[in-house]
Amino acid sequence: MSTEPKPNKRERAEIDRLVQYFSENHQLFDSVLEQLIPALKNDQALSKVIHSLRWRVKDADHLRDKLERKLSEAKSKKKRFLITPKNLFTKVNDLAGCRILHLYTKQFEEIHRCLMRIFAEYKYALIEEPTAKTWDDESREFFSGMGMKTEKSPSLYTSVHYVIAPNRTSRLTCEIQVRTLAEELWGEVDHTINYPHKSESLPCREQIKVLARVTSSCTRLVRSEE
């Protein structure tokens, strides 16, 4: 059973205020995606190397769960919870999100070039350095070879993350993830089992680890056909 400290009454009220603030400004993030998605979909070079796009504005209940997890994590480390309405949109970078799916690992190099060009053409600001998050050593070597920053993923998936803003003065951000279809399969299954709360079933946790390894094998098998 989870032993993370739970929010008290005052803290729950604080989280309620944050969620309400986001709900009142939901349309701002709709607008971010309404500008971004056509720029991606209509780019001919990008369209040639991707399989599909998915996008969404974060659900208010999912934001509440995320904030509660962040608050519990801060309390367990005896740190202050520093998210406020004033900085919510910059502290939580995935309130608007887009996922780019592709088949072959080597397609990522062209996808990255296309994205960087699109960001420059449309004056998007990169808020964070693009980062490849992966648990797999072979994937880490591939991205490092491109000169890309890598991080060991706390979850068993591989995905490249970009955080952008509509311009350099905007406080709105959007997270773009790029991953293979095989990784998307694992992500969807893990999301069903472990989101918004981690499964307490040991068999489920072990099976999802097995699926992660099978997913990596699928990615390598597809890579051999490139």
Determine whether [X] and [Y] fall in the same hydrophobic cluster, where Ile, Leu, Val, Met, Phe, Trp and Tyr are linked whenever their side-chain heavy atoms lie under 4.5 Å apart.
{"X": "Ile164", "Y": "Ile118", "value": "yes"}
{"X": "Ile127", "Y": "Met148", "value": "no"}
{"X": "Val92", "Y": "Ile176", "value": "yes"}
{"X": "Phe119", "Y": "Ile111", "value": "yes"}
{"X": "Val163", "Y": "Met116", "value": "no"}

Rounded to the nearest 0.5 Å, what separation is found between the [atom1] atom of [X] and the [atom2] atom of [Y]?
{"X": "Leu28", "Y": "Ser170", "atom1": "CG", "atom2": "OG", "answer": "8.5 Å"}
{"X": "Lys58", "Y": "Lys66", "atom1": "NZ", "atom2": "NZ", "answer": "4.5 Å"}
{"X": "Leu101", "Y": "Ser52", "atom1": "CG", "atom2": "OG", "answer": "4.0 Å"}
{"X": "Leu18", "Y": "Leu63", "atom1": "CG", "atom2": "CG", "answer": "7.5 Å"}
{"X": "Tyr162", "Y": "His112", "atom1": "OH", "atom2": "NE2", "answer": "5.0 Å"}
{"X": "Arg168", "Y": "Lys123", "atom1": "CZ", "atom2": "NZ", "answer": "10.0 Å"}

So, for [X] and [Y], which heavy atoms are closest and what is the spacing to 0.1 Å?
{"X": "Ser159", "Y": "Gln177", "answer": "OG-OE1, 3.2 Å"}
{"X": "Leu46", "Y": "Leu115", "answer": "CD2-CD2, 4.5 Å"}
{"X": "Thr173", "Y": "Ala96", "answer": "O-CB, 4.1 Å"}
{"X": "Ile83", "Y": "Asn87", "answer": "CA-OD1, 3.4 Å"}
{"X": "Leu172", "Y": "Phe89", "answer": "CD2-CD1, 3.6 Å"}
{"X": "Arg140", "Y": "Lys152", "answer": "NH2-CG, 3.7 Å"}

Query raised in the report: Between Thr134 and Asp136, does any side-chain donor sit less than 3.5 Å from a side-chain acceptor?
Result: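 Their side chains do not contain a donor-acceptor pair, so the 3.5 Å distance test is not met.
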| Any salt bridge between Glu73 and Lys70, counting N to O under 4.0 Å? |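 No, this pair does not count.
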Original post:
Thinking salt bridges, do Glu184 and Arg54 make one under a 4.0 Å N-O criterion?
Top reply: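 Yes, this pair counts.
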ask   = Does the side chain of Ser153 reach to within under 4.5 Å of the side chain of Thr158, using non-hydrogen atoms?
value =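 They are not in contact (no side-chain heavy atoms under 4.5 Å apart), so the answer is no.
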inquiry  = So Arg56 and Asp94, do their side chains get closer than 4.5 Å, heavy atoms only?
reply    =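 Contact flag for Asp94/Arg56 side chains = yes.
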Check the surroundings of atom [atom1] in [X]: do more than 12 heavy atoms from other residues, nucleotides or ligands lie under 6.0 Å from it?
{"X": "Glu121", "atom1": "CD", "value": "yes"}
{"X": "Glu128", "atom1": "CD", "value": "yes"}
{"X": "Tyr122", "atom1": "OH", "value": "no"}

Sequence neighbours excluded - salt bridge (charged side-chain N to carboxylate O under 4.0 Å, His left out) pairs with any residue from residues 9-23 =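 Pairs touching residues 9-23 that pass the test: Arg10-Glu14, Glu11-Lys75, Arg12-Glu68, Asp16-Arg64.
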**Q.** Criterion side chain to side chain donor-acceptor pair (under 3.5 Å) against His161, the qualifying member of Arg179, Glu175, Glu151, Glu129
**A.**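 Of the listed residues Arg179, Glu175, Glu151, Glu129, the side chain to side chain donor-acceptor pair (under 3.5 Å) partner of His161 is Glu175.
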message: Pair Glu109, Phe142 - check side chain to side chain contact (heavy atoms under 4.5 Å, CB included), show working.
response: CA-CA 10 Å; Glu109 295 182 71; Phe142 169 77; 4.2 Å; yes
Q | Expected output: side-chain Gln107 to main-chain Tyr104 donor-acceptor under 3.5 Å | A |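 Yes: the side chain of Gln107 pairs with the backbone of Tyr104.
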Exercise. Can you label the angle between the Phe108 ring and the His102 ring as parallel, tilted or perpendicular, going by 30° and 60°?
Key: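 Aromatic pair Phe108/His102 classed tilted.
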Could you tabulate the donor-acceptor pairs under 3.5 Å formed by side-chain atoms of residues 30-37, not counting sequence neighbours?
from	atom 1	to	atom 2	distance (Å)
Asp30	OD2	His26	ND1	3.2
Ser31	OG	Gln27	O	3.1

